[in-house]
Amino acid sequence: MPRTTLTLPSPSPGTQRTLTVYRYGRPGARPKAYFQAALHADEFPALLVAQHLLRLLEAAEEAGTIDGEIVVVPVANPIGLGQHLHGHLLGRFDFEIGCNFNRQFPQLPSSAMLDRLLGRLSKDQQVNVARIRQIMLQTLAEQPRVRETDALKATLLSLSIDADLVFDLHCDSESLLHLYASRHHHEQAVILGAELGASPVLLEEQPGGATFDEANAGPWWRLREQLPGAETLPLACFSTTVEYRGQADVRDDYAEQDAARLYRYLQRCGVVAGDPGPLPELRCAPTPLEGVDVLVAPAAGLVVYRKALGDAVRRGEVVAELVDVLAPDPRAARQPIHSRTDGILFARMLEKLARPGQQLCKIAGAEPLPHRQLGQLLGD
Ligand SMILES: [Zn+2]
């Protein structure tokens with residue numbers, strides 16, 4: 001079995017966590033695809049999809065049909081998975097410093113990396129891509145890895161940074177299967193979205209937060225902007241975050257189908273041999289991340305939804321009501337929550353008691369919204 005174990009620094013005497021990595025195909029073969037699941041730890045649908053994918057890849061390896069290289073980290077966040085508090089698993093934020101596990105990844109190129117590349121690009125773009133990947137790996141190897149979480153992030157990125165395709169598998173609170181990708185990769189996102197049956201397909205521009213998907217794809221367009229002579233460099237990594245529905249959607253029938261769809265996408269990209277069949281129709285046109293209306297609770301209260309996941313809503317329509325259970329006049333206890341865009345309701349909060357400012361739901365619209373700010377599109 002092509003399985004290796006990497007050790008993270010011990011956070012306290014007597015405690016040590018590990019990352020388990022599965023590798024398929026010949027090391028160095030292209031295209032290279034990288035998968036990781038549940039960076040926010042308590043994202044069980046993603047864990048199950050990765051497990052089904054491993055079964056398919058084992059069979060492909062036995063059959064000798066893997067043409068590229070595939071690396072899978074089926075449990076991307078063993079730190080978060082250990083964060084139990086009074087019977088609840090809280091995996092989104094690092095208990096130690098409060099940081100979201102999918103934020104503040106090292107964003108290349110660093111100035112040291114730019115220095116290493118200055119004047120070293122050739123006319124052969126394939127040679128340039130290989131050289132840049134090698135320098136990115138070298139630069140990441142120099143990242144500080146003292147704290148356990150820093151070591152986790154640097155290790156994950158070191159496994160993925162030289163890949164052609166990067167899949168970060170997550171889930172939302174309660175949602176449709178949807179995905180995020182950079183607007184630079186519009187075409188790839190459309191094909192992947194169609195293959196996976198995703199809705200919506202959200203295209204990002206300056207999402208902010210230094211997420212894992214941007215840490216992989218971003219160096220290529222930033223090099224174009226920052227390195228003299230790199231203006232025509234290929235964008236050599238397509239990276240995406242796939243949200244496998246909601247936290248409660250842990251089902252074998254879903255996960256088996258989802259893994260088969262990822263596998264067909266690998267066939268379509270030439271990572272695995274075989275005919276993926278015709279591409280399914282895309283369920284929706286891609287929409288901009290700055291067109292997502294994130295509705296928040298204006299006060300504390302119980303949330304009662306008036307719209308279901310997948311419903312088309314109009315601007316001004318009531319999506320939910322917030323119920324003040326201690327209203328002085330119980331007949332006036334309900335506050336309507338209105339959509340500020342035309343779009344599809346694709347994610348809702350699973351908990352039903354909101355605190356003021358808490359995110360309630362998300363609606364994907366086609367038009368950028370004035371209240372959405374580039375660089376701050378993801379919240380926390
Ligand atoms: Zn997540």
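This chain uses plain numbering: 1 for the first residue, then up along the sequence. Counting starts at 1 for both ligands and their atoms, following the listed order.
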Would you tell me whether [X] and [Y] have side-chain atoms, one donor and one acceptor, within less than 3.5 Å of each other?
X: Ser122; Y: Asp124; result: no
X: His170; Y: Glu43; result: yes
X: Thr341; Y: Asp293; result: no

Relative to the Zn ion (ligand 1), which of the N, O or S atoms in [X] is the closest?
X: His40; value: ND1
X: Glu43; value: OE2
X: His170; value: ND1

State whether the side chain of Thr65 and the backbone N or O of Ala273 hold a donor-acceptor pair below 3.5 Å, judged by distance alone.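 No, the answer is negative, given that no donor and acceptor are paired below the 3.5 Å cut-off.
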